[in-house]
Structure formats: structure tokens, C-alpha cells
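A quick write-up on the structure given underneath.
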Amino acid sequence: MFWQAKTAIQKLRHLRLNGQQRLWKSMSTSARERATQYQPGQRIHGFTVREVVAVPDLFLTAVKLSHDKTGAQYLHAARDDSNNLFSVQFRTTPLDSTGVPHILEHTVLCGSEKYPCRDPFFKMLNRSLSTFMNAFTASDYTMYPFSTQNGKDFHNLLSVYLDAVFFPCLREQDFRQEGWRLENENPADPDTPLVFKGVVFNEMKGAFSDNERVYGQHLQNKLYPDHTYSVVSGGEPLAIPDLTWEQLRQFHATHYHPSNARFFTYGDLPLEQHLKQIEEEALSKFERINPNTEVPAQPRWSNPREDHVTCSPDALAPDQSRQNTLCVSFLLGDITDTFENFTLSLLSSLMISGPNAPFYKALIEPKIGTDFSSVVGYDGSTKEASFSIGLQGMAEEDTETVKHIISQTINDIIENGFEDERIEALLHKIEIQMKHQSTNFGLSLASYIASSWNHDGDPVELLQINESVSRFRQALKENPHFLQDKVRQYFKENGHRLTLSMSPDENYLEKQAKEEEEKLHRKIKGLSDADKTDIYEKGLELLAAQSETQDASCLPALRVSDVEPTIPVTAVQMGSAGGVPVQLCEQPTNGLVYFRAMCSLNTVPEELRLYIPLFCSVITKMGCGAMDYRQQAQQMELRTGGMSVSTQITPDSNHLDVYEQGVLLSSSCLERNLPHMFHLWSDIFNSPHFEDEERLRVLVMMAAQELANGISYSGHMYAMTRAGRHLTPAGDLQETFGGMEQVKFMKRIAEMSDLTQVLRALPRIQKLVLNPESMRCAINATPQKMSDTTVQLEKFMEGIAGSRRHHKPVKSNITEMPLDPLNESGPKRKLISELNFHPCPMKTFFTMPFPVHFISESVRTVPFSHQDYASLCVLARLMTAKFLHGEIREKGGAYGGGARMGGGLFSFYSYRDPNSVQTLSAFHKGVDWAKSGQFTQQDVDEAKLSIFSAVDSPVAPAHKGMSRFLSGVTDEMKQQHRERLFAVTHKSLVEAAGRHLSIAHRTCSVAILGPENDAVRKDPSWVVK
Ligand SMILES: [Zn+2]
């Protein structure tokens, strides 16, 4: 239930193509072939087939239909992928900022005619094997997608989704819970002051604590000032209390209608069944209306405009004196022109992406700002697309310089164009994206076509990517200035452009709080005593409704017996190359080769540990061998699907105080480019460049900025990581590599005027880590390519043999584990064993410039192989669904909250929470609830189902065998865990809660990220940061 800002949508839309291929495909008629047999004009269950198009590049057949009676539009993508997807989207174009489409998105999920129980959507998460369930509110549409690999489940979920969107109850109480309400601070006490509450109200306050979102929202509102894009579809926190329940119902009647709907289905299930169910359960009950939801073209400006906005200061920004953002945004053409927009999005990549792009050279490298502005490049999420370019993290006095550089760079591009090799690299990237198989292909497609289709663009045309590529090549051939002409037309001679700057205001949060105070005061002023009594009573009613035991029996459900008893086995072979162990996994990869290497960190001394994540992020970006960093970037784009290095901490499955630490190298390429990919890695091993301080500074700044920006979005992860710090040695290292400690370290580095110290640290790490002595590799490729790949790998190993060195591990307590558990004498993983580690309870509070909190409490429990591990996994789900969700979200008003089990830690968390320490008592009450056993067998089964839907979520060919490679968890161990999950009982859950979570005998830690808190500050048991 996310309200998506433009930037988030852009990330989702990033094309990831190809899903799972079924191995038995050749034995039966494929879904794709069956679909080619539909005929235009054919009528099926109230629909008429309009078009049938084979799209071989994406291995699918598209069938376009329309519903005869209502005009509803339908697209089916038949593909031999068992991860079937459904989505329905409505064009929702609000003309005010009350957040009506967003609040509606939440309230339709609060119960419907056939399924009147509260929150059926959330409940289905536990009654289904769905691989994805969610709802999104974008600027101009609302989308409800789900996916599952199980046919019966698909039928169940479709029924719940259809009833939710077309026949919701939309009770006043739902509106008050999800939207906004006035309520006594403590609903049970009429003498406590009245305050605003509501899930969306708090969610949006949280969303606007993120400066990147604030900026993105303003930019869109001001670039399109004349219609729906000038308002906040998610809701402006202070405008939300202007919405009435009646307005919400009216919006539903006009917008959630089949005549305003677009249905999309994807996968290998038969289309007829979907059509029949949709017709019978929903569409047959409607007549056609004219929804009148079109977005008119934005009237064009003849002169550019400028504007300015403010935001809250960011305490974690790398440089306090440089917190300004400036960006120029251009209005482009209608997104329904597929080829024009294909061209513009390529053009945008050429102008911006990577160190060879002109704007990267002109804006990033002079270090005027820390990174591009949060909104950058081509954006096709609005009816007319836009292109933005600018910087964040800059000083105010550089404003004119930046504006000048932007217009100068545009002139330079018009003058000089782009190198052919860069254009080739970009087209190569598209080829890789089409071949790379992801597991959520259906969802990627749904997001990819959503915007254009929303404005009546042709979704089928959008899928025919190769045709756009050919047309693009042709256009370049006919006119070598094709791209330069576009730059002139859209950027030089375009009067509709906005220069928007943003600067921090010390009093920003204070002003916001004051405005809320005033709004509240105005609302309360007009209330009579009778109104106040009414508010108090409604508050009690809502509280009572929220506390009621829920009867969800009206909802369809899978049973635990519908779950496959065994997991499919992934065959891997163990071999070696140049003395290094290699895991080979044959997979239908569509002609791609995936290479990984795990390099141990055991020899890296303590003082270098904090630098490891920085090392990982720069090692493939500083240049290597004969190539400077620009040439290296170019070669990587031209020859690979990406090369990256990341930290890897793997807790042992038998002992909480044993773990493996390393860095993981990952890359992929088309089969024909394998020698090139290994050549690039050899250069990185043998002769990486570290001397360029200026280049390093650019990378450091961008990394620090990205970390600082991520906190308001994933604060709960930071809270959990911090809480785990003192509980296990692996948790401690996790905090060093990816927690608040790392964020603060990177901020310090970014503020240093002299990076010599860093430049000395990096080669030391490289010599210790990029070392065949302590390395193992994994290859995923097609059976046909495997033997050639091993030959190439052998050559690569010979080539880096010179970097082989023997170093002593820093810690003496090394435990060796066989890579293949069935071969005790074979190659080993070297784990660190800190059996004398003392877990200790800590309470840490990070004061942050947010109006909401992120809270976590972590409890040290048991490792993966322990008897009780399965019970604790089920318990986390059970407590989340049956207790914590109600306490933290429904009653507490937080955006989310729950518990999860991982790395031997049982962690409670809340997300965007208006409460601080009060939420800790909700966690404790959860434990009491579990120990008291106040749950049913049905509850236990639901929790198990939701675990299985995660355990059985599809794995792409690129990732098969990875858990074995990384953590030594074999299929046999997974099967044993699975059997333990099946065997979990009511009794074992109560016992596990008593044994491991009881306040009396547990070791736990707490961490909170949130605003200034006097109570915590005065309490000496807290460490305030
Ligand atoms: Zn929401």
C-alpha cells in the first residue's frame, strides 16, 4: 500500500525482462503458442478480441481485448512463466491535494460486499501463496497487482481483488481509520487533547520528511501547473483533513468503474478462465459510463519560469553548508508516441548516465554538488514526459554557475553529438535487459506499460522493443544529426522549462508543526460539546472494532496441504580452476553467463574494516590496466551486464557466534563477450587504479549522499541493524558495513579535505582481498556453454595467479567448514568463530530530523539448524499478522510494523511510527500474547502459508544454487527446515515464545531513529546519538 512518488515509480519501471522458463515446455503446447490461436473479432465471455501479436523478443504473445458492455480494456501477455500476474488500474486524476485517490486505495482494502471482514487484503497475505500483493497510487492512476504460481490461489486472489475494487464497503469507520480523524490523544480518555490521526495522514507526513520526495513533488506540481499534476495525489498532510467521507465515495463511483479500468494478465494460465471470472464476478453488473478522466495537454509556456522552495535541514548531509538543490526541468511530448519517447529515454541516458556522459563530466566531476538532483533524466510517468537535470548538495552561491553549465552543456551536445561506441553500449544494454530473466517479469511489464496505456497509448507497441531499436538505428543512419536535432528541439528551443531551487530552512519543521497546530485549532474551534462527545464515542467505537477478534472465514484460502511437500533439487557440480574451488550450475539463461567470486576478509585488519564498503563501491569505478575510469566504464557497458562488488556477511547455520565475512564479486555478460568480461576482472585484480584523488572524491560524495538520503526510506532497517549490533558478532559487523556507523563514517570521509588516508587504505584492502588464495567462484550458464566457460575461467585464474599471496588471518579463531557437506575432505570455507562473544543489551536513540520514528527491538535466539528455528519463523509471521499489525498500525497509527526472524535474531520493528517508546510496550505485549497461546490452529496455518509463499518464491536462473554457494545451505538442509515448518504446532509456538522471547531470560537490544525526545534524553538507560 504505497503511495509512489515519481522517482520510486521510475525505479520500478526500469525494465527487467524475462521470467522463469519451464523445463517441460517442449513437451506440451506452450501458453504462448495457444494464445496465437485467438482471432481478432472473436468473442469470449463478454469480451471481443481486438489484436493478437507475437512478441518473440520477450517470448510472449500479446492479446488485446475490450469489454463489450462497459468498454473496459484488457491486455493478456501469454508466456511460459508460472509466476502469473493480474493487475487492474484505474485512471485517477484528482484536482485537489486531499489525497482522495490514495485514501481510496487504502479504504477499498478494508472490506467488500462478498468479503466484509476488516482488511481482507492484509488477511489474504496469510491465506495465499502469492509472490506479490500490493496497491499503488501514482500521480494519475491507481493500480492493484498480485502474482502467484498456484492456479487455485490465482482464482481466490482475483475474487478478492475484484470485489475490493468494484464493491468495497467504504464504511465511515474505514475512512476515519485509513484517512483522517479527530480523536482524543488517548482515545480512552476524553480529557486528553484532540489530535489528527489516520494511516494516510501519518504516511504522508512520513513521506514528506524525505527531502528528495519534497523536491520531486514540487517540481512536478510546478512544471504542470494547470491540471491534475499540480496537486499531490498521495495527499498533502494539511489538506487531507479537508476530505469528507462523501467525497471519497463519490470519487469511487466515478473512477473505480469498468469504463475507466484497464486489466492486465500475464503468465501461463488460460486467458478464458480469467475473462469468465472477471465478467461474472464484476463487469456483468455494470453499464457503460463516460468517466471523463482524461488529462488535457499542458498549455505550453512561451517563456521559461523560475521558482524556489524550502525543506528541512539534513543533519547527515555530507557538508552542512552545501544543502541546496537546483534543477532545470523541460516539458517534452506526449508519452503515447512510443518511438519518440523511446528515443528521448535513450537520449537521456546518453546525456546523463556514467562517467562518459556530458552532464556527468560537466556537473558531477567539478564537484559543485554531491550528486545529481533527486529528479534527473527522462520521466515518462506523466501524460507528457519531462526531462530534468541539476544537482543536489550544492552551495547557494553556485546557483548561477550551475545554470550556466547546464545551458552550455546543451550547446556542446548540439555541437558535438555522441560517440558511436556509447550509442552501441546503450543498445547492448537493452539486448541484455531483454535476455536477463527476472522472477517478477509480469510485474515489470505491468509497470512498464501502465503510464502510456493509462493515456490510451498502445501497450502492444510498447512491448515491441526491438522494432523501436531498428527504427532508431535507421533514423541515425539517415540523419547523423538525428539526436543533436532532438536536443535542439526539446532542450534549446523549448520555452516550457522550469528552474527550481530548494534550500534548507532552520525553522522548517517548526513551521510545519505550527501550521498543523493552526489547522487543528480551526477544526476544533467550531466544535460544540456534543460534537466532542461524539468524537470521543467514535474513538471508542473504532478502538473497540480494532480490538475485536476478526472473523476472516468469509475469505477463500489455500490450505497447508496445498503446499508442495518437497523442494525441487538444484543440481550443482563442484570443480576447481587454478586451485580455486568453483561451483557450476547449468541453467536456461537465454545465452547469458553469470559469474561470482567470494573473497574472504579474514586477513583484513580491524582498522580497515570501516573502509570495506567504500572499497566495494569504488573498485570497479576507478580505472584499471591500460584504461582510465571513463574507458573502463565504457567497456563494462559495451561488454557486460554490469560488474559489482558488495560486502557479504553470512551467519553460520549451527552457531550464533560463528560467521563468514567476505566481498562478493558479481557480473554477467552475453556468451560472446565472456573473454572481455574476464579480461576486465583480470585488470581489476592485477592493476586497479587508486591514485586519482579527484575521481575518488566524486565517488565518495555520491556514496555519502545516497546513504544519507536512504535513511528516511529504510529507517526500520537501520534501527534493526543497530539493535542487532551487540547481540551477535555477525550483527556487529553488519552495523559496521551497513548501519548508522557506516553512514556517519562516510559522512566524515566526505567532509575530509585530504583523502590521502583513504587512498592508502584502498590498495591495502585490494592486496588482502582480491587474492586467489582465499577465493571461491560460481558460474551459472547454459549446458552448451559450460565447458567453454570453465576453460575461460581457468585462463582468468592463470592471469591473476600473480596476485596470489599468503597472509595470516587477523583473528586466530578460524573454523573450517567443507563447501560440499558430503565431501569432508574437499575445499573449505573459513569462518570466524567468536565463541567468547558477550551479547549485551543496549538502548540507542538517534536523533533525526523526521516527524516520525523507526523503532526496533532485537532478541538473540537460535541459529538456522536449531529445533526451534522453524517455530520462531512461524511465530514472527503469526505475531505480525494477528497482533502487532493491529497494535502498531491500526491502533498506533504507524505505517507498518511487525516481527521477523533472521540471522539468529528475532526482531520487532515499526515503520514511520508517530509513537516512540510506547511502541516498545506493544512489542512486549506481543510476547505475552504469544506465550498465552490466544491464537487458533487456523492462525497457525495462515502463518505457515505466508512463510511458504516466501520460501517457495521463484528463483531466477541467475540465482539458482546461490544460497549453497554463499552460505553452505544445501537442498537437504532446506528440505529439513521445510519439514520442521510443516511440523510446527500451537504447542511448539507457545513453548518457543516462552523459551526465547520471555522478558525474564532473553538478551535484547533496542534502537530508535526519531525526532528530539526529552523523555529519552532524561532517561540514563538510553544512549542518545
Ligand atoms: Zn499508502
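Just so it is clear, the values below take in all heavy atoms, side chains as well, and ignore hydrogens, waters and symmetry mates.
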Less than 4.0 angstrom from a charged side-chain N to a carboxylate O is my criterion; do [X] and [Y] meet it?
X: Asp334; Y: Lys383; result: yes
X: Glu516; Y: Lys519; result: no
X: Arg262; Y: Asp456; result: yes

Between the side chain of [X] and the main-chain N/O of [Y], is any donor-acceptor distance below 3.5 Å?
X: Asn211; Y: Ser312; answer: yes
X: Tyr448; Y: Leu462; answer: yes
X: Glu212; Y: Asn709; answer: no
X: Ser97; Y: Val232; answer: yes
X: Trp180; Y: Asn202; answer: no
X: Gln89; Y: Ala450; answer: yes
X: Ser348; Y: Leu344; answer: no
X: Arg695; Y: Lys621; answer: yes
X: Tyr718; Y: Gly738; answer: no
X: Lys523; Y: Pro241; answer: yes

Check the surroundings of atom [atom1] in [X]: do more than 12 heavy atoms from other residues, nucleotides or ligands lie under 6.0 Å from it?
X: Lys492; atom1: NZ; value: no
X: Glu493; atom1: CD; value: yes
X: Glu510; atom1: CD; value: no
X: Lys514; atom1: NZ; value: no
X: Glu706; atom1: CD; value: no
X: Glu396; atom1: CD; value: no
X: Arg488; atom1: CZ; value: no

Hey, are the side chains of [X] and [Y] touching, using non-hydrogen atoms and a 4.5 Å cut-off?
X: Met502; Y: His308; answer: no
X: Thr844; Y: Ile1008; answer: no
X: Met701; Y: Glu751; answer: no
X: Arg722; Y: Lys1025; answer: yes
X: Phe359; Y: Leu350; answer: no

Answer with yes or no whether the side chains of [Y] and [X] bring together a donor and an acceptor at under 3.5 Å.
X: Glu105; Y: Thr137; answer: yes
X: Thr93; Y: Thr228; answer: no
X: Asn221; Y: Ser230; answer: no
X: Asn341; Y: Tyr378; answer: yes
X: Thr919; Y: Asp913; answer: yes
X: His455; Y: Glu294; answer: no
X: Asp371; Y: Gln392; answer: no
X: Thr142; Y: Thr92; answer: yes

Check: What's the spacing between Asp96 CG and Leu243 CG if we round to 0.5 Å?
Finding: 7.0 Å
Check: Excluding sequence neighbours, so at least two apart, what forms side chain to side chain donor-acceptor pair (under 3.5 Å) with Arg91?
Finding: Thr293
Margin query: For the aromatic rings, using the six-membered ring if either is Trp, is the centroid distance between Phe90 and His255 under 6.0 Å?
Written below: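 No - the distance between ring centres of Phe90 and His255 does not fall below the 6.0 Å cut-off.
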Note to self: Which residue in the set Ser374, Cys311, Ser501, Ser373 passes side chain to side chain contact (heavy atoms under 4.5 Å, CB included) when paired with Thr325?
What the structure shows: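 Per the side chain to side chain contact (heavy atoms under 4.5 Å, CB included) rule, the option paired with Thr325 is Ser373, out of Ser374, Cys311, Ser501, Ser373.
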Checklist line | Tyr490: ring pair (Phe, Tyr, Trp, His ring centres under 6.0 Å) partners, not counting sequence neighbours | finding: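 In terms of ring pair (Phe, Tyr, Trp, His ring centres under 6.0 Å), with neighbours along the sequence ignored, Tyr490 is linked to no residue.
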Next item on the list: Evaluate side-chain hydrogen bond (donor to acceptor under 3.5 Å, both in side chains) for Ser916 paired with Asn1013, printing each intermediate quantity in order.
Entry: CA-CA 9 Å; Ser916 59; Asn1013 188 317; 3.1 Å; yes
Notebook entry, point to check: Given the rule in the salt bridge (charged side-chain N to carboxylate O under 4.0 Å, His left out) test, do Arg522 and Glu517 qualify, once you have shown the distances and angles that lead to the verdict?
Noted result: CA-CA 9 Å; Arg522 284 198 298 276; Glu517 194 62 38; over 6 Å; no
Check: In this structure, which one of Phe387, Trp301, Tyr224 forms a ring-ring contact (aromatic ring centres under 6.0 Å, His included) with His496?
Finding: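 Exactly one option meets the ring-ring contact (aromatic ring centres under 6.0 Å, His included) with His496, and it is Trp301.
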Next item on the list: Would you please test Lys205 and Glu236 for salt bridge (charged side-chain N to carboxylate O under 4.0 Å, His left out) and show each step?
Entry: CA-CA 8 Å; Lys205 271 173 74 174; Glu236 175 80 56; over 6 Å; no
